[in-house]
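For reference, the structure is listed below as structure tokens.
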Amino acid sequence: MSAVSSRLPVFPWDKLEPYKRTALAHPDGIVDLSVGTPVDPVPALIQEALVAAADSPGYPTVWGTPELRDALTGWCERRLGAVGFAHGNVLPVVGSKELVAWLPTQLGLGAGDKVAYPRLAYPTYEVGARLCGAEPVVYDDPTELDPAGLKLLWLNSPSNPTGRVLPKEELVRIVAWAREHGVLLLSDECYLELGWEADPVSVLHPD
Ligand SMILES: Cc1ncc(COP(=O)(O)O)c(C=O)c1O
């Protein structure tokens with residue numbers, strides 16, 4: 001077993017297996033929410049765009065085409081209310097899971113650094129901290145964390161798995177705290193467009 005794999009937690013789906021077996025024994029069976037795999041049909045528009053672009057031999061650039069970057073900055077301005085977004089502010093990734101897992105390593109974090117994330121959270125924040133050898137720290141309120149050695153602070157609103165949406169005032173308070181203590185704040189907003197009773201707001205919004 002390598003040093004890295006020994007640092008990693010048991011995969012949550014494996015951890016859930018015994019509980020699944022118990023639930024399956026129940027007369028009404030199981031409501032299995034453990035893997036959030038999309039089940040809806042892929043919209044025709046997306047299928048057609050994929051087919052139309054299929055004959056594109058060659059390697060794509062990491063930074064994407066100027067048209068893609070325009071689409072990204074445009075969405076950030078229109079949907080998130082971000083102001084003055086330029087191509088240098090966006091980067092396409094192969095999936096946010098890969099980014100979440102590797103960003104602490106790519107930023108040069110390691111032993112002696114801390115990475116904090118919500119107590120009940122998407123498991124990859126912990127994996128990312130452990131991959132680079134940093135110490136994973138959970139929080140209920142991030143502003144109660146000890147900022148010593150804390151290099152990265154993950155927010156996730158709307159939250160997986162709780163669905164909690166951080167109101168604007170809360171974001172303002174946390175951003176101010178992170179700035180005061182020189183902590184890099186990473187806001188995972190992948191469910192931002194899925195507000196139900198609340199209207200989720202981005203940390204990129206100038207307010
Ligand atoms: C909070 C959160 N962040 C990131 C991801 C990763 O999403 P993807 O790799 O599909 O972009 C997920 C997926 O479940 C998630 O729940």
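Indexing begins at 1, ligand by ligand and atom by atom, following the structure's order.
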Hey, which atoms in ligand 1 end up nearer than 4.0 Å to a heavy atom of [X]?
X      : answer
Asn156 : 1 (C)
Asn160 : 1 (C), 15 (C), 16 (O)
Tyr125 : 1 (C)

Side-chain heavy-atom pair Asp113, Glu135 within 4.5 angstrom cut-off:
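No. Closest side-chain heavy atoms not under 4.5 Å.
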Heavy-atom distance under 4.5 Å between the side chains of Arg173 and Thr143, does that happen here?
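Of all side-chain heavy-atom pairs linking Thr143 with Arg173, at least one is under 4.5 Å.
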Return the closest protein heavy atom for [atom] as residue, atom name and distance.
atom                    : result
atom 3 (N) of ligand 1  : Asp188 OD2, 2.6 Å
atom 11 (O) of ligand 1 : Ser96 OG, 2.6 Å
atom 14 (O) of ligand 1 : Tyr191 OH, 3.4 Å

For Asn160, is there any backbone N or O sitting under 3.5 Å from a side-chain donor or acceptor partner on Asn156?
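Here the side-chain-to-backbone pair exists.
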Give a yes or no answer on whether the side chain of Arg7 reaches the backbone of Arg130 with a donor-acceptor pair at less than 3.5 Å.
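Looks like yes, one N/O pair under 3.5 Å.
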Tell me whether the count of non-hydrogen atoms from other residues, nucleotides or ligands lying under 6.0 Å of OH in Tyr19 goes above 12.
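12 or below, so no.
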Would Tyr117 count as a contact residue for ligand 1, given that I'm defining contact as a non-hydrogen atom of the residue lying under 4.0 Å from a ligand atom?
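No heavy atom of Tyr117 comes that close to ligand 1.
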Hey, is atom 8 (P) of ligand 1 touched by any protein heavy atom at less than 4.0 Å?
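Given the 4.0 Å cut-off, atom 8 (P) of ligand 1 counts as touching protein heavy atoms.
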Specify whether Tyr122 and Tyr125 have parallel, tilted or perpendicular ring planes, treating 30° as the upper limit for parallel and 60° as the lower limit for perpendicular.
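If you compare the ring of Tyr122 with that of Tyr125, the planes turn out perpendicular.
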